[in-house]
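Each ligand, and each atom within it, is numbered from 1 in the order the structure gives.
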Amino acid sequence: MAALYRKGRPSDYTYRAMKHEKTPGISLVIPIYNEVDNVVSLHHELTGVLAQMGRSYEIILVDDGSNDGTRERLAAIADSDPCVRLLLLRRNFGQTAAFSAGFDHARGDVVVTSDGDLQNDPSEIPRLVAKIEEGYDMVCGWRKPRKDPLSKLIPSWFGNRLISWATGVRLHDYGCSLKAMRLDVVRGLRLYGEMHRFIPAVASWMGVTLTEVPVRHRPRVRGSSKYGLGRTARVLLDLLTVKFLVAYGTRPAHLFGLMGLAFGGIGLMILGYLSYIRLFADTAIGGRPLLLLGVLLFLTGVIFVNFGLLGELLVRTYHESQNKPIYVLKQTPPRRT
Ligand code: UDP
Ligand code: MG
(Lines give C-alpha, C1' and ligand atoms only; values in the text may rest on other atoms or scores of the structure.)
(Ligands and ions follow the chains in the order given, each with its own letter.)
Protein backbone atom coordinates (compact mmCIF):
# COMPACT_ATOMS: atom_id res chain seq x y z
CA MET A 1 0.00 0.00 0.00
CA ALA A 2 2.88 2.34 0.75
CA ALA A 3 3.85 2.20 -2.92
CA LEU A 4 0.50 3.59 -3.94
CA TYR A 5 0.99 6.67 -1.87
CA ARG A 6 4.57 7.50 -2.61
CA LYS A 7 3.65 11.09 -3.51
CA GLY A 8 2.07 12.72 -0.52
CA ARG A 9 -0.26 11.67 2.20
CA PRO A 10 -3.84 10.83 1.30
CA SER A 11 -6.50 12.97 2.91
CA ASP A 12 -8.61 11.77 5.82
CA TYR A 13 -11.42 11.16 3.38
CA THR A 14 -9.17 8.81 1.44
CA TYR A 15 -8.24 6.81 4.52
CA ARG A 16 -11.86 6.60 5.58
CA ALA A 17 -12.98 5.36 2.17
CA MET A 18 -10.18 2.81 2.02
CA LYS A 19 -11.26 1.18 5.25
CA HIS A 20 -14.62 0.40 3.70
CA GLU A 21 -13.49 -0.94 0.38
CA LYS A 22 -11.63 -3.73 -1.30
CA THR A 23 -9.49 -2.73 -4.27
CA PRO A 24 -12.00 -1.49 -6.83
CA GLY A 25 -12.34 -2.60 -10.45
CA ILE A 26 -12.77 0.90 -11.82
CA SER A 27 -11.26 4.15 -10.59
CA LEU A 28 -12.87 7.31 -11.84
CA VAL A 29 -10.67 10.40 -11.63
CA ILE A 30 -12.35 13.82 -11.86
CA PRO A 31 -10.54 17.16 -11.51
CA ILE A 32 -12.75 19.85 -10.06
CA TYR A 33 -12.14 23.56 -9.76
CA ASN A 34 -14.92 25.89 -8.66
CA GLU A 35 -17.84 23.75 -9.79
CA VAL A 36 -20.08 24.35 -6.80
CA ASP A 37 -23.31 24.04 -8.76
CA ASN A 38 -22.22 20.93 -10.62
CA VAL A 39 -20.81 18.56 -8.03
CA VAL A 40 -24.02 17.23 -6.57
CA SER A 41 -25.54 16.33 -9.96
CA LEU A 42 -22.15 15.03 -11.03
CA HIS A 43 -22.01 12.59 -8.13
CA HIS A 44 -25.63 11.61 -8.70
CA GLU A 45 -25.16 10.90 -12.42
CA LEU A 46 -21.86 9.08 -11.94
CA THR A 47 -23.24 6.87 -9.21
CA GLY A 48 -26.26 6.01 -11.34
CA VAL A 49 -24.08 4.86 -14.23
CA LEU A 50 -21.38 3.09 -12.21
CA ALA A 51 -23.82 1.21 -10.01
CA GLN A 52 -25.39 -0.34 -13.11
CA MET A 53 -22.06 -1.59 -14.45
CA GLY A 54 -21.92 -4.36 -11.86
CA ARG A 55 -18.26 -3.78 -10.96
CA SER A 56 -16.75 -2.33 -7.83
CA TYR A 57 -15.61 1.24 -8.28
CA GLU A 58 -14.16 4.26 -6.57
CA ILE A 59 -14.77 7.88 -7.53
CA ILE A 60 -11.68 9.98 -6.90
CA LEU A 61 -12.77 13.60 -6.78
CA VAL A 62 -9.76 15.90 -6.90
CA ASP A 63 -10.51 19.39 -5.72
CA ASP A 64 -8.00 21.68 -7.35
CA GLY A 65 -8.04 24.47 -4.77
CA SER A 66 -11.66 25.58 -5.19
CA ASN A 67 -12.71 28.65 -3.24
CA ASP A 68 -16.40 28.93 -4.08
CA GLY A 69 -17.86 26.42 -1.62
CA THR A 70 -17.16 23.38 -3.82
CA ARG A 71 -14.95 21.86 -1.11
CA GLU A 72 -17.70 21.86 1.47
CA ARG A 73 -20.10 20.18 -0.94
CA LEU A 74 -17.49 17.62 -1.91
CA ALA A 75 -16.81 16.89 1.76
CA ALA A 76 -20.52 16.25 2.32
CA ILE A 77 -20.60 13.94 -0.71
CA ALA A 78 -17.52 12.02 0.51
CA ASP A 79 -19.10 11.68 3.95
CA SER A 80 -22.26 10.21 2.52
CA ASP A 81 -20.72 7.82 -0.02
CA PRO A 82 -17.92 5.39 0.92
CA CYS A 83 -17.08 4.90 -2.78
CA VAL A 84 -15.99 8.53 -3.02
CA ARG A 85 -12.40 9.45 -2.20
CA LEU A 86 -11.72 13.13 -1.95
CA LEU A 87 -8.31 14.63 -2.59
CA LEU A 88 -7.92 18.28 -1.66
CA LEU A 89 -5.07 20.09 -3.37
CA ARG A 90 -3.72 22.95 -1.25
CA ARG A 91 -4.11 25.49 -4.04
CA ASN A 92 -5.13 25.65 -7.67
CA PHE A 93 -2.38 23.62 -9.36
CA GLY A 94 -4.17 23.16 -12.69
CA GLN A 95 -6.09 20.36 -14.34
CA THR A 96 -2.96 18.35 -15.22
CA ALA A 97 -1.76 18.31 -11.61
CA ALA A 98 -5.25 17.34 -10.46
CA PHE A 99 -5.27 14.38 -12.87
CA SER A 100 -1.81 13.44 -11.70
CA ALA A 101 -2.89 13.45 -8.03
CA GLY A 102 -5.88 11.29 -8.92
CA PHE A 103 -3.69 8.86 -10.87
CA ASP A 104 -1.29 8.51 -7.94
CA HIS A 105 -4.18 7.40 -5.75
CA ALA A 106 -6.11 5.29 -8.27
CA ARG A 107 -6.21 1.56 -7.57
CA GLY A 108 -8.71 0.16 -10.08
CA ASP A 109 -7.55 -2.05 -12.97
CA VAL A 110 -9.26 0.44 -15.28
CA VAL A 111 -8.88 4.18 -14.71
CA VAL A 112 -11.49 6.45 -16.26
CA THR A 113 -11.06 10.23 -16.43
CA SER A 114 -13.73 12.85 -17.00
CA ASP A 115 -14.54 16.51 -16.34
CA GLY A 116 -16.37 17.86 -13.32
CA ASP A 117 -18.72 20.17 -15.20
CA LEU A 118 -20.91 17.41 -16.65
CA GLN A 119 -20.06 18.34 -20.25
CA ASN A 120 -19.00 14.72 -20.71
CA ASP A 121 -21.96 12.39 -20.45
CA PRO A 122 -21.27 9.79 -17.72
CA SER A 123 -23.49 7.27 -19.53
CA GLU A 124 -20.65 6.85 -22.08
CA ILE A 125 -18.35 5.34 -19.44
CA PRO A 126 -19.49 1.70 -19.94
CA ARG A 127 -18.66 1.91 -23.68
CA LEU A 128 -15.15 3.10 -22.92
CA VAL A 129 -14.60 0.39 -20.34
CA ALA A 130 -15.94 -2.23 -22.78
CA LYS A 131 -13.26 -1.18 -25.29
CA ILE A 132 -10.57 -1.66 -22.64
CA GLU A 133 -11.99 -5.11 -21.99
CA GLU A 134 -11.72 -5.79 -25.73
CA GLY A 135 -7.96 -5.43 -25.25
CA TYR A 136 -7.05 -1.79 -25.83
CA ASP A 137 -4.73 -0.10 -23.32
CA MET A 138 -6.28 3.33 -23.75
CA VAL A 139 -9.60 4.55 -25.12
CA CYS A 140 -10.08 8.26 -25.85
CA GLY A 141 -13.42 10.00 -26.17
CA TRP A 142 -14.12 12.02 -29.31
CA ARG A 143 -16.71 14.72 -28.53
CA LYS A 144 -19.01 14.48 -31.51
CA PRO A 145 -20.60 16.93 -32.02
CA ARG A 146 -18.80 19.16 -29.56
CA LYS A 147 -21.10 21.57 -27.73
CA ASP A 148 -18.78 24.50 -27.07
CA PRO A 149 -18.71 28.08 -28.38
CA LEU A 150 -17.03 28.79 -31.75
CA SER A 151 -14.23 30.60 -29.91
CA LYS A 152 -13.19 27.19 -28.55
CA LEU A 153 -14.10 25.08 -31.59
CA ILE A 154 -11.97 26.93 -34.15
CA PRO A 155 -8.62 26.95 -32.30
CA SER A 156 -9.22 23.40 -31.18
CA TRP A 157 -9.94 22.26 -34.79
CA PHE A 158 -6.51 23.52 -35.83
CA GLY A 159 -4.90 22.33 -32.58
CA ASN A 160 -6.17 18.77 -33.00
CA ARG A 161 -4.92 18.52 -36.57
CA LEU A 162 -1.56 19.96 -35.64
CA ILE A 163 -1.11 17.63 -32.67
CA SER A 164 -2.17 14.66 -34.78
CA TRP A 165 0.28 15.58 -37.53
CA ALA A 166 3.16 16.40 -35.17
CA THR A 167 2.83 13.43 -32.84
CA GLY A 168 1.77 10.85 -35.42
CA VAL A 169 -1.06 9.71 -33.11
CA ARG A 170 -4.17 9.71 -35.24
CA LEU A 171 -6.93 10.99 -32.96
CA HIS A 172 -9.65 13.56 -33.64
CA ASP A 173 -10.02 15.09 -30.18
CA TYR A 174 -7.09 15.55 -27.83
CA GLY A 175 -8.95 17.86 -25.45
CA CYS A 176 -11.62 15.36 -24.41
CA SER A 177 -11.11 14.39 -20.77
CA LEU A 178 -13.33 11.34 -21.09
CA LYS A 179 -10.81 8.52 -21.40
CA ALA A 180 -10.26 5.04 -20.06
CA MET A 181 -6.90 3.39 -19.56
CA ARG A 182 -5.30 0.46 -17.84
CA LEU A 183 -3.69 1.04 -14.47
CA ASP A 184 -0.21 0.11 -15.67
CA VAL A 185 -0.43 2.76 -18.39
CA VAL A 186 -1.46 5.35 -15.82
CA ARG A 187 1.42 4.34 -13.55
CA GLY A 188 3.89 5.01 -16.35
CA LEU A 189 2.61 8.52 -17.10
CA ARG A 190 4.54 11.50 -15.77
CA LEU A 191 2.60 14.70 -16.32
CA TYR A 192 3.96 18.23 -16.13
CA GLY A 193 2.62 21.73 -16.74
CA GLU A 194 -0.59 21.48 -18.75
CA MET A 195 0.31 18.28 -20.50
CA HIS A 196 -2.84 16.28 -19.88
CA ARG A 197 -3.83 16.91 -23.51
CA PHE A 198 -0.79 14.97 -24.59
CA ILE A 199 -1.53 11.86 -22.56
CA PRO A 200 -2.31 9.91 -25.78
CA ALA A 201 0.93 11.07 -27.41
CA VAL A 202 3.03 10.10 -24.39
CA ALA A 203 1.12 6.83 -24.04
CA SER A 204 1.64 6.07 -27.70
CA TRP A 205 5.38 6.57 -27.20
CA MET A 206 5.13 4.02 -24.36
CA GLY A 207 3.80 1.59 -26.97
CA VAL A 208 0.22 1.31 -25.71
CA THR A 209 -2.63 0.35 -28.02
CA LEU A 210 -4.97 3.29 -28.50
CA THR A 211 -8.39 3.78 -29.96
CA GLU A 212 -11.09 6.44 -29.89
CA VAL A 213 -14.86 6.32 -29.62
CA PRO A 214 -17.29 9.15 -30.44
CA VAL A 215 -18.97 10.32 -27.23
CA ARG A 216 -21.92 12.57 -26.51
CA HIS A 217 -21.02 16.07 -25.38
CA ARG A 218 -23.19 18.59 -23.65
CA PRO A 219 -23.01 22.35 -23.34
CA ARG A 220 -21.86 23.75 -20.01
CA VAL A 221 -25.07 24.51 -18.11
CA ARG A 222 -23.71 25.75 -14.77
CA GLY A 223 -20.47 27.48 -13.79
CA SER A 224 -17.95 28.90 -16.22
CA SER A 225 -15.14 27.56 -18.35
CA LYS A 226 -11.70 27.86 -16.79
CA TYR A 227 -9.90 28.37 -20.07
CA GLY A 228 -9.73 31.27 -22.53
CA LEU A 229 -7.93 31.98 -25.79
CA GLY A 230 -4.52 32.07 -24.05
CA ARG A 231 -4.70 28.29 -23.99
CA THR A 232 -3.94 28.09 -27.74
CA ALA A 233 -0.42 29.51 -27.42
CA ARG A 234 0.30 27.32 -24.40
CA VAL A 235 -0.86 24.21 -26.25
CA LEU A 236 1.47 25.05 -29.15
CA LEU A 237 4.45 25.40 -26.80
CA ASP A 238 3.52 22.16 -25.04
CA LEU A 239 3.33 20.45 -28.42
CA LEU A 240 6.87 21.57 -29.17
CA THR A 241 8.06 20.20 -25.82
CA VAL A 242 6.28 16.86 -26.25
CA LYS A 243 7.52 16.48 -29.82
CA PHE A 244 11.08 17.19 -28.71
CA LEU A 245 10.96 14.94 -25.64
CA VAL A 246 9.33 12.02 -27.42
CA ALA A 247 11.63 12.16 -30.44
CA TYR A 248 14.91 13.31 -28.88
CA GLY A 249 14.45 13.02 -25.10
CA THR A 250 17.19 10.40 -24.85
CA ARG A 251 19.34 11.58 -27.77
CA PRO A 252 19.44 15.38 -27.85
CA ALA A 253 22.77 15.40 -29.67
CA HIS A 254 21.02 14.05 -32.76
CA LEU A 255 18.74 17.08 -33.04
CA PHE A 256 21.16 19.81 -32.00
CA GLY A 257 24.09 18.04 -33.60
CA LEU A 258 22.34 17.74 -36.98
CA MET A 259 21.32 21.40 -36.91
CA GLY A 260 24.83 22.33 -35.83
CA LEU A 261 26.43 20.28 -38.59
CA ALA A 262 24.08 21.80 -41.18
CA PHE A 263 24.68 25.40 -40.10
CA GLY A 264 28.36 24.89 -39.45
CA GLY A 265 28.82 23.05 -42.75
CA ILE A 266 27.21 25.81 -44.80
CA GLY A 267 29.23 28.41 -42.85
CA LEU A 268 32.43 26.49 -43.51
CA MET A 269 31.67 26.27 -47.24
CA ILE A 270 31.04 30.01 -47.42
CA LEU A 271 34.26 30.74 -45.53
CA GLY A 272 36.16 28.30 -47.76
CA TYR A 273 34.85 30.01 -50.88
CA LEU A 274 35.74 33.48 -49.55
CA SER A 275 39.23 32.31 -48.54
CA TYR A 276 39.72 30.86 -52.02
CA ILE A 277 38.82 34.06 -53.88
CA ARG A 278 40.87 36.09 -51.41
CA LEU A 279 43.97 33.95 -51.86
CA PHE A 280 43.77 32.97 -55.51
CA ALA A 281 41.72 35.69 -57.21
CA ASP A 282 43.10 38.44 -55.01
CA THR A 283 39.58 39.83 -54.39
CA ALA A 284 38.88 41.91 -51.29
CA ILE A 285 36.34 40.15 -49.01
CA GLY A 286 36.46 42.32 -45.87
CA GLY A 287 33.30 44.32 -46.70
CA ARG A 288 31.18 41.44 -48.04
CA PRO A 289 27.98 40.55 -46.17
CA LEU A 290 28.68 36.93 -47.14
CA LEU A 291 31.64 36.96 -44.78
CA LEU A 292 29.40 37.94 -41.90
CA LEU A 293 26.90 35.24 -42.84
CA GLY A 294 29.63 32.61 -43.08
CA VAL A 295 31.07 33.48 -39.67
CA LEU A 296 27.62 33.58 -38.07
CA LEU A 297 26.59 30.22 -39.51
CA PHE A 298 29.84 28.59 -38.50
CA LEU A 299 29.65 29.89 -34.92
CA THR A 300 25.95 28.95 -34.63
CA GLY A 301 26.88 25.47 -35.81
CA VAL A 302 29.57 25.13 -33.15
CA ILE A 303 27.16 26.35 -30.45
CA PHE A 304 24.43 23.90 -31.53
CA VAL A 305 26.81 20.94 -31.50
CA ASN A 306 27.83 21.96 -27.98
CA PHE A 307 24.18 22.26 -26.92
CA GLY A 308 23.71 18.72 -28.12
CA LEU A 309 26.66 17.48 -26.08
CA LEU A 310 25.46 19.34 -22.99
CA GLY A 311 22.01 17.81 -23.56
CA GLU A 312 23.58 14.34 -23.65
CA LEU A 313 25.30 15.03 -20.33
CA LEU A 314 21.99 16.12 -18.80
CA VAL A 315 20.14 13.07 -20.11
CA ARG A 316 22.77 10.74 -18.75
CA THR A 317 22.82 12.51 -15.39
CA TYR A 318 19.03 12.28 -15.20
CA HIS A 319 18.74 8.63 -16.18
CA GLU A 320 21.74 7.35 -14.26
CA SER A 321 21.41 9.34 -11.04
CA GLN A 322 17.71 8.60 -10.74
CA ASN A 323 17.81 5.10 -12.16
CA LYS A 324 15.29 5.97 -14.87
CA PRO A 325 15.10 3.37 -17.62
CA ILE A 326 14.98 4.51 -21.25
CA TYR A 327 12.35 1.87 -22.06
CA VAL A 328 8.87 0.97 -20.84
CA LEU A 329 7.96 -2.58 -19.83
CA LYS A 330 4.56 -4.01 -20.66
CA GLN A 331 3.30 -5.11 -17.27
CA THR A 332 0.19 -7.03 -16.53
CA PRO A 333 -2.18 -4.95 -14.39
CA PRO A 334 -1.92 -5.73 -10.67
CA ARG A 335 -4.37 -8.39 -9.54
CA ARG A 336 -7.33 -7.35 -7.46
CA THR A 337 -7.32 -8.68 -3.92
N1 UDP B 1 -10.25 22.27 -13.84
C2 UDP B 1 -9.37 22.02 -12.80
N3 UDP B 1 -8.36 22.92 -12.55
C4 UDP B 1 -8.19 24.04 -13.31
C5 UDP B 1 -9.08 24.26 -14.40
C6 UDP B 1 -10.08 23.34 -14.63
O7 UDP B 1 -9.49 21.02 -12.09
O8 UDP B 1 -7.27 24.82 -13.02
C9 UDP B 1 -11.34 21.31 -14.08
C10 UDP B 1 -12.71 21.94 -14.20
O11 UDP B 1 -13.34 22.09 -12.95
C12 UDP B 1 -13.42 20.93 -15.07
C13 UDP B 1 -12.34 20.43 -15.99
O14 UDP B 1 -11.11 20.74 -15.35
O15 UDP B 1 -13.91 19.86 -14.29
C16 UDP B 1 -12.39 21.08 -17.37
O17 UDP B 1 -12.41 22.48 -17.25
P18 UDP B 1 -13.39 23.40 -18.13
O19 UDP B 1 -14.74 22.79 -18.19
O20 UDP B 1 -13.30 24.79 -17.60
O21 UDP B 1 -12.68 23.30 -19.56
P22 UDP B 1 -13.43 23.43 -20.98
O23 UDP B 1 -14.47 22.35 -21.01
O24 UDP B 1 -14.02 24.80 -21.01
O25 UDP B 1 -12.33 23.21 -21.98
MG1 MG C 1 -15.97 22.00 -19.65
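- In this structure, the side chains of Met206 and Leu189 come closer than 4.5 Å at one or more pairs of heavy atoms.
- Taking 4.0 Å as the cut-off between side-chain N and carboxylate O, Lys144 and Glu212 do not count as a salt-bridged pair.
- Electrostatic pairing of Arg218 and Asp121 counts as a salt bridge here, judged by a charged N lying under 4.0 Å from a carboxylate O.
- Ion pairing between Asp148 and Arg146 holds under the 4.0 Å rule for side-chain N and carboxylate O.
- Between Glu45 and Leu118 the shortest side-chain heavy-atom distance falls below 4.5 Å.
- Within 6.0 Å of CZ in Phe307 there are 12 or fewer heavy atoms belonging to other residues, nucleotides or ligands.
- Under a cutoff of 6.0 Å and an axis angle of 45°, Arg161 and Trp157 form a cation-pi pair.
- Note on ring orientation: taking the six-membered ring where Trp is involved, the planes of Phe103 and Phe99 are parallel (angle under 30°, cut-offs 30° and 60°).
- Protein N/O/S atoms found under 2.8 Å from the Mg ion (ligand 2): Asp117 OD2, Gln119 OE1.
- Within 4.0 Å of ligand 1, protein heavy atoms belong to Pro31, Ile32, Tyr33, Glu35, Asp64, Asn92, Gly94, Gln95, Asp115, Gly116, Asp117, Gln119, Lys152, Arg220, Ser225, Lys226, Tyr227, Arg231, listed by chain and number.
- Using a 4.5 Å cut-off on side-chain heavy atoms (C-beta onward), Tyr174 and Thr167 make contact.
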